[in-house]
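Source: prediction; values computed, not measured. Lettering of chains follows the sequences in order, A, B, ..., and the numbering in each one begins at 1.
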There are 2 protein chains.
Amino acid sequence: MADYPPFAVTADLVVLTVRADELHVLLVRRGVPPYEGRWALPGGFVGIDEDLVDAAVRELTEETGLPQPAGHLEQLGTYGRPSRDPRGRVVTVAWLALLPDLPTPVAGSDAAAADWVPVNRLDRARLAFDHGRILADGLERARAKLEYTALATAFCPPEFTVAQLRAVYETVWDTALDPRNFHRKVTGTPGFVEPAGRSTEGGRGRPARLFRRGPATLLHPPMLRPSART
Amino acid sequence: MADYPPFAVTADLVVLTVRADELHVLLVRRGVPPYEGRWALPGGFVGIDEDLVDAAVRELTEETGLPQPAGHLEQLGTYGRPSRDPRGRVVTVAWLALLPDLPTPVAGSDAAAADWVPVNRLDRARLAFDHGRILADGLERARAKLEYTALATAFCPPEFTVAQLRAVYETVWDTALDPRNFHRKVTGTPGFVEPAGRSTEGGRGRPARLFRRGPATLLHPPMLRPSART
DNA sequence: CTAATAGTGTCTATGAGACAGTATGTG
DNA sequence: CACATACTGTCTCATAGACACTATTAG
């Protein structure tokens, strides 16, 4: 055990949010080689006595500047091609975070040039390291999980309308959904959302009831995306 | 970059197969401390110039003694609690493998005491390291993926009957399925299975047609397990 | 009033589950 | 023949999708 091959281990984050009807990912501009000046996923080295998930949470709070994010965090996968980092053998554990649109702009202590970038207007091939592949995997994971889990509420503030939740689905899936069938489906699935009792004010049209996320994590039956028809 | 915290990285495998109507996992008996004499998942250190998936394939072929396994291999997750290995900081990338029942007994070069163990008659808490948790995650992943993918065929030999495929579902899910509805569902899902043209001989009852796995990887609509009803 | 958005009701097609009935082998 | 297993047909219920209709606000 004394002589095992020594690896560096990092935690990288695919942080997604929905703002202005576009899906955004949190990226940082690299200030040092390699890939100087290129966009990269936020992340950093795991401490020798630090748990993997703790490193991910630490990076997330550092980069977003939020004390305790209200969203969702899960492990995405581990990437360790020997040539993926020119500096040496670095294995990265990638994490997927889904956050509500943050009222505060991103101003992390660590990342000077962090910013939200719309995923549809981003050339993934130009990201540093293998981060284009990691981002693609994160997007596919997020899109798939909206189908059979209640995770779409992780993109919403504590209280939200059915239309806001529908906008999340439409933005992440890049499709249009029937507002009436969506409403029936969401309110008819036990535990998906719970009425908050209040309503919106001051908008155009009839005021909408506000909801909170419910206790359900899995959706039975799932929410089907139109592209997945039979 | 010169001074990063040094980690050891291992690849551990949850190898599942169906034999004699029971779900089995491949385990090895540890011959050295720590956890000497306890069951553990097969695995080993990743080489400093070795890709992660190559290490998993290498361990799989070493432990099963098969040149090229016909089943399925996917990354399960990465486990890296600082205290998970008393010898030092070891992060393990766990993989899930689904194999057809092997005609050859397990006789790996590396693992003297490798054996197939029925998962339902195994005390997961007595496995070495955090392998009980890894095995639990692997079982849950396998059970979930049978619902919405065609992966059940990975447990089958190249040619199989509908009854054999049904036995896979019943064994992995530990439930009974209606043979008639199952038959209609499987043969009616495009690309799930394809007729091989031949039939079984010598069994009790009417001979069954043989099938091969089809090109489909995802099932639309999914195969629903009875426990997931609404 | 109109425009806009929220929410409900209803019809139809599809698929799951229950299960009768038919086909084709062994002993 | 009886029996076992493979396979098909049919009925019923639940749900997705399409979409008419009603409700409630702003201007």
- Could you tell me whether A:Arg213 and A:Glu194 make a salt bridge, using a distance below 4.0 angstrom between a side-chain N and a carboxylate O? no
- A:Phe129 and A:His131 aromatic ring geometry - parallel, tilted or perpendicular at 30°/60° bounds: tilted
- Message: When you compare the side chains of B:Asp101 and B:Thr17, does any donor N or O come within less than 3.5 Å of an acceptor on the partner?
- Response: no
- Item | Gap between atoms CZ and C1', on A:Phe182 and D:dC19 respectively (whole Å) | 18 Å
- Task: Write down the atom of A:Thr10, the atom of A:Val46, and the distance for their closest heavy-atom approach.
- Result: C-CG2, 3.8 Å
- Note on the structure: Out of D:dG17, C:dA4, D:dC7, minimum distance to the side chain of A:Arg204 belongs to C:dA4
- Closest to the A:Ala208 side chain, choosing from C:dA16, C:dG7, D:dT8: C:dG7
- Which nucleotide in C:dG21, D:dA16, D:dT25 has an atom nearest any side-chain atom of A:Pro207: D:dT25
- Note on the structure: Whole-Å distance, A:Arg198 CZ to D:dT24 P, equals 19 Å
- Item | B:Leu177 CG - C:dC19 P separation (whole Å) | 15 Å
- What's the CE-C1' distance between A:Met223 and D:dA16, to the nearest Å? 11 Å
- Query: Within this structure, what is the CD-to-C1' distance between A:Glu201 and C:dA6, rounded to whole angstrom?
  - Reply: 16 Å
- The nucleotide from D:dT8, D:dA23, D:dC19 with an atom nearest the side chain of A:Arg206 is D:dA23
- Could you pick out which residue, B:Leu210 or A:Asp178, lies toward the 5' side of DNA chain D when each is mapped onto its nearest nucleotide? B:Leu210
- Message: Taking the six-membered ring of A:Trp39 as reference, does the cationic atom of A:Arg29 (NZ for Lys, CZ for Arg) lie under 6.0 Å from its centre and within 45° of its axis?
- Response: yes
- Distance in angstrom units between B:His220 NE2 and C:dT14 P, rounded: 18 Å
- Query: Should A:Trp173 and A:Glu147 count as side-chain neighbours, where that means a heavy-atom distance under 4.5 Å?
  - Reply: yes
- Does any residue of residues 150-162 of chain A have a heavy atom under 4.0 Å from DNA chain C, and if so, which ones, in number order? none
- Picking from C:dA6, C:dG9, D:dT25, which would you name as closest to the side chain of A:Arg184? C:dG9
- Task: Taking only the side-chain nitrogens and oxygens of A:His183, find out if one of them lies under 4.0 Å from OP1 or OP2 of C:dA6.
- Result: no
- Interatomic distance where CG belongs to B:Leu224 and C1' belongs to D:dA14 [whole Å]: 12 Å
- Task: Give a yes or no on whether a donor-acceptor pair under 3.5 Å exists between the nucleobase atoms of C:dA6, that is its base, and the side chain of A:Arg166.
- Result: no
- Task: Could you check B:Lys185 against A:Gly205 and say which one's nearest nucleotide on DNA chain C is further toward the 5' end?
- Result: A:Gly205
- Message: Taking any heavy-atom pair under 4.0 Å as a contact, classify B:Gly203: base, sugar-phosphate, or nothing.
- Response: sugar-phosphate
- Query: Can we call the ring centroids of A:Phe160 and A:Phe211 under 6.0 Å apart?
  - Reply: no
- CZ/A:Arg30: more than 12 non-hydrogen atoms of other groups inside 6.0 Å: yes
- Candidates C:dA20, C:dA6, C:dG7 - which lies nearest the side chain of A:Ala163: C:dA6
- Item | B:Arg209 side-chain N/O to D:dC7 phosphate OP1/OP2 under 4.0 Å | yes
- Starting at CG of B:Leu219 and ending at P of C:dA16, how long is that distance when rounded to a whole Å? 11 Å
- Note on the structure: Out of D:dA18, C:dT24, C:dG7, minimum distance to the side chain of A:Asn181 belongs to D:dA18
